[in-house]
Amino acid sequence: MIEGLDLQTILIFVAIGFTAQIVDGALGMAFGQISSTLLISTGVPPAAASAGVHTAETFTTAVSGISHVLHGNVDWRLFMRLAVPGVIGGVLGAYVLTQIDANTARPFVLAYLTSLGIYLFYRGVMHRHTEREPKFVSPLGLIGGFLDAGGGGGWGAIVTSNLLVQGSSPRKTIGTVNTAEFFLTVTISATFIATLGWEAFTAATMGLLVGGVIAAPFGAIIAKRVNPDLLLTFVGALVTLTSLYGLYRALT
């Protein structure tokens with residue numbers, strides 16, 4: 001484990017948290033994937049890594065959500081349709097992860113996200129995004145919450161990418177998904193505390209938290225000011241690259 005990290009190493013995690021949250025706040029995803037991958041690579045068990053990342057995200061998503069609200073990036077009707085089923089899915093996923101190995105379905109989820117990422121990238125580059133109200137929302141929130149807790153991250157990649165494929169506004173989608181994520185992370189963290197205790201919360205988690213909180217207000221500004229097609233292109237590229245990397249690690 002990594003409880004005994006020195007100051008220099010903690011500062012590295014602060015930088016990781018800052019970078020991951022800038023990307024997450026601007027594009028609606030990636031904090032969990034980046035942070036969990038790095039924690040697991042240092043020897044932290046998957047359940048403990050997911051618990052630590054979600055604890056950090058409790059604070060980063062609170063600041064990010066407030067910033068998105070202040071910049072008018074939240075669709076409140078969409079928020080309600082996502083948040084409640086997301087919380088339910090998160091509790092189920094957190095419980096499953098502490099009881100069994102939930103990695104069996106991971107390659108299939110990553111392959112699916114890779115295909116979504118390529119499609120979103122194509123639509124962004126070709127200016128093919130036509131905005132319309134998404135129809136498949138509540139079940140998506142349930143699935144996204146479950147997989148987020150079970151995989152140590154992924155709420156943004158799953159929910160944001162699927163809503164964008166359905167035609168949702170990039171800026172409103174990113175802001176709404178980020179804001180709903182606060183309630184998801186609070187619930188998941190509480191579930192992990194109930195099942196694992198406080199053993200998962202290390203100095204690395206604190207580094208991620210500090211860096212993420214510092215960066216959180218800036219992502220909403222980026223999401224508000226960047227052209228929707230450019231946002232879609234970046235989201236597509238990020239989903240594709242992170243999913244391909246995760247798929248490579250899952251299969252090797």
Side-chain angles (χ1 to χ4, degrees), residues 21-33 57 61 64-90 109-110 112-148 153-185 216 219-243:
Q21 184 56 42
I22 284 285
V23 175
D24 192 280
L27 301 181
M29 66 190 72
F31 188 92
Q33 294 99 312
E57 283 188 305
T61 55
S64 179
I66 291 169
S67 185
H68 276 295
V69 170
L70 293 176
H71 286 280
N73 295 344
V74 178
D75 179 336
W76 290 107
R77 183 171 181 270
L78 180 61
F79 170 85
M80 292 304 298
R81 295 169 69 192
L82 283 175
V84 175
V87 164
I88 295 171
V109 175
L110 290 169
Y112 169 68
L113 287 175
T114 300
S115 63
L116 279 189
I118 294 171
Y119 179 58
L120 289 172
F121 182 80
Y122 165 77
R123 282 174 53 175
V125 170
M126 300 302 291
H127 308 288
R128 297 286 180 87
H129 186 71
T130 302
E131 291 188 8
R132 56 186 180 273
E133 184 177 356
K135 305 297 184 185
F136 186 74
V137 177
S138 294
L140 178 61
L142 183 70
I143 295 167
F146 181 88
L147 294 176
D148 185 83
W155 165 261
I158 294 164
V159 178
T160 300
S161 60
N162 274 277
L163 289 174
L164 291 176
V165 165
Q166 294 181 64
S168 185
S169 161
R171 178 172 71 89
K172 290 286 189 177
T173 298
I174 291 167
T176 304
V177 171
N178 262 271
T179 304
E181 190 175 14
F182 166 72
F183 297 92
L184 177 72
T185 55
I221 298 172
I222 297 171
K224 181 178 182 179
R225 296 186 178 181
V226 175
N227 176 275
D229 283 332
L230 189 58
L231 276 178
L232 202 67
T233 302
F234 278 124
V235 168
L238 183 63
V239 171
T240 302
L241 292 174
T242 55
S243 299

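Just so we're clear, the structure is a prediction, and the values are computed from it rather than from any experiment. Reckoned from all heavy atoms, side chains included, excluding hydrogens, waters and symmetry mates.
Considering only heavy atoms from C-beta on, F146 stays 4.5 Å or farther from W155 through its side chain. Between I174 and N73, the closest side-chain pair of non-hydrogen atoms is not below 4.5 Å.
At a threshold of 4.0 Å, the pair E133-R81 counts as salt-bridged, since one of the basic side-chain nitrogens sits closer than that to a carboxylate oxygen.
To the nearest 0.5 Å, atom CD1 of residue I222 and atom CG of residue L230 are 11.0 Å apart. The distance from the OG1 atom of T160 to the CG atom of N178 is 7.0 Å, given to the nearest 0.5 Å.
Remark: side-chain polar atoms of K172 are not paired, donor with acceptor, to backbone N or O of L78 under 3.5 angstrom. With hydrogens and angles ignored, the 3.5 Å screen pairs a side-chain donor or acceptor of T240 with a backbone N or O of I118. Of the possible donor and acceptor atoms, none in the side chain of R132 sits under 3.5 Å from a partner among the backbone N and O of S168.
Counting heavy atoms of neighbouring residues, nucleotides and ligands inside a 6.0 Å radius, atom CZ of F79 exceeds 12 of them.
Of all the heavy atoms in V159 and L140, the pair that sits closest is O-CD2, 3.8 Å. Of all non-hydrogen atoms in H71 and A220, the two that sit nearest each other are CD2-CB, 4.0 Å. Heavy atoms only, all atoms of each residue included: H68 and A223 are closest at CE1-CB, 4.0 Å. Here the shortest heavy-atom pairing between L163 and F136 reads CD2-O, 4.5 Å. Closest of all the heavy-atom pairs between L184 and G90 is CD1-CA, 3.9 Å. The two atoms that bring Q166 and K135 nearest to each other are OE1-N, 2.9 Å, heavy atoms only.
Residues T176 and D75 have side chains that never bring a donor and an acceptor to within less than 3.5 angstrom of each other.
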